[in-house]
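The figures that follow rest on heavy atoms only: side chains count, while hydrogens, waters and symmetry mates do not.
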Amino acid sequence: MNKAQLKEAVCKAIDARFEDVEKLAMDIFAEPELGFKEQKTSAKVKAAFDALGLAHTDGWGITGVKARVKGKKSRKTVALLGELDAIVCRDHPNADPVTGAAHCCGHNVQIGNLLAVAMAFKDADIMKYLDGDVVFFAVPAEEYVEIDYRNGLREKGQLRYLGGKAEIIAQGGFDDVDMAMQMHVDPTDNPNGEFQVGASCNGFIGKLIEYRGKAAHAAGAPDKGVNALNAAMMGVMGVNAIRETFRDDDCVRFHPIINAGGDLVNVIPDRVKMESYVRAAKLDALTRYNKAINRALKAGGDAIGASCEIQDLPGYLPLRPDENFHDVLRANAQEVFGKENVVEGVHSAGSTDMGDVSHLMPVVHPWVGCVKGVLHGASYNFDNKEAGLKKTAKVLAMTIIDLLADDAQEAQRICDNFKPVLTKESYCEYMDSISKAQ
């Protein structure tokens, strides 16, 4: 079978499996779990792999599941990734009433696509015509949340890093992979769906910030206290005062939350805990702005005689999608979605741990317009399942065929032209250095 015939066969298989894929994706949607806790979701993926007869390994980043299917030759390996975790959005109508977790991030759609391609390749018996292997990898904890909780796991030695793909890189889960791809959902009003080929995005450093003051009676003896909450507010205002120095093209973001802001209203707060990110578009800018923001935060404590302790934590690296890989993806997207519904995309101030993978190997990360409302918001609604779970799966499957057919020449060309920024070893050295810099 030639490539055109392989693509036709796999697209027919995706059509035939659509109801199965939709059910799986919505079953995951109904039971959202937060990162490194995705036991039910992981079990659903393992059950789907078992039903397909795909051998798999688990325990990657605690809950990750990895299956490899072999081609007639194993010249190159392409990984298709899907994320297991949800975000916290307590006001979403489908949020877990206990944890507040909700799949208004669209990760259940990613898992749906991963399983749709796995099912189609198995049903159409595609691998015997391909000259490379495919890894189907369900990965945990893309949403960098519950920083204090995850840092606790890190301090106990249960994690090295606080994001799923970073942890899996350190574990060696990508050592046998040459290139990787995954998608994210995006809001659109286009009834046909919209395929954004993808662009770069910010990286970030995670932060735990603690101000320590002195407790005293808030009304009777405030002069005897040192108000840690005031110190924290002054620290944040200090960051606001230097925002005019943030260059537009560095795309800097700083957005803290207060985890603990005092215990009793009639006691001067003596301990305030905050979490935040410092985001930027490039590694050098990230390091530079992080130092400036730390200086401003500490000045809030100095101003009133409180202490400020900052723990910087390895976050995610900026995303660097590969342009040669983009070319293959774009051609298939235009065939499935129509040229008028395919756009290039612009730099995003958000972040994804796919950025970490992109420093090691060629990566693509398209955004698919198939939802309404606001990502990570209560209005999020996955309304276009045809675009999100059928058209997208076809694009991903067809791209894999292009990469691995004909002696995997296309995959080889992309890998030959890719210049890795980091090795696994230098990546781990950089990530470890973030915490040691304090």
>> If we check side chain to side chain donor-acceptor pair (under 3.5 Å) with R75, which of these qualifies: D131, D178, D407?
In response: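 One option only clears the test, and that one is D407.
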
> Nearest heavy-atom pair of I14 and A120: which atoms, and what distance?
Replying inline: CG1-CB, 3.5 Å

So, [X] side chain and [Y] main chain: donor-acceptor pair closer than 3.5 Å or not?
{"X": "S74", "Y": "D133", "result": "no"}
{"X": "Y316", "Y": "E142", "result": "yes"}
{"X": "E410", "Y": "A405", "result": "no"}
{"X": "S379", "Y": "G373", "result": "no"}

> Where does the angle between the aromatic ring planes of F49 and H56 fall among parallel (under 30°), tilted (30 to 60°) and perpendicular (over 60°)?
Replying inline: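 Taking H56 first and then F49, their aromatic rings sit tilted (interplane angle of 30° to 60°).
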
>> In terms of relative ring orientation, are W60 and F137 parallel, tilted or perpendicular, with 30° and 60° separating the classes?
In response: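 Aromatic pair W60/F137 classed perpendicular.
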
> Are Q182 and E83 close enough that a side-chain donor and a side-chain acceptor fall under 3.5 Å?
Replying inline: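 The criterion, which ignores hydrogens and geometry beyond distance, is satisfied for E83 and Q182.
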
Looking at the rings of [X] and [Y], which for Trp means the six-membered one, are their centres under 6.0 Å apart?
{"X": "Y289", "Y": "F254", "value": "no"}
{"X": "F204", "Y": "Y144", "value": "yes"}
{"X": "F29", "Y": "F382", "value": "no"}

>> With a 6.0 Å cut-off (strictly less than), is the heavy-atom count around CG of N240, excluding the residue itself, greater than 12?
In response: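 Atom CG in N240 is crowded, with more than 12 foreign heavy atoms closer than 6.0 Å.
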
> Who are the ring-ring contact (aromatic ring centres under 6.0 Å, His included) partners of H184, not counting sequence neighbours?
Replying inline: H107, H365, W367

> Got a sec, which residues hit side-chain contact (heavy atoms from CB on, under 4.5 Å) with E309, two or more places apart in sequence or on another chain?
Replying inline: none

> Do any pairs count as a side chain to side chain donor-acceptor pair (under 3.5 Å) and have a residue in residues 112-123, sequence neighbours left out, and if so which ones?
Replying inline: R17-D123

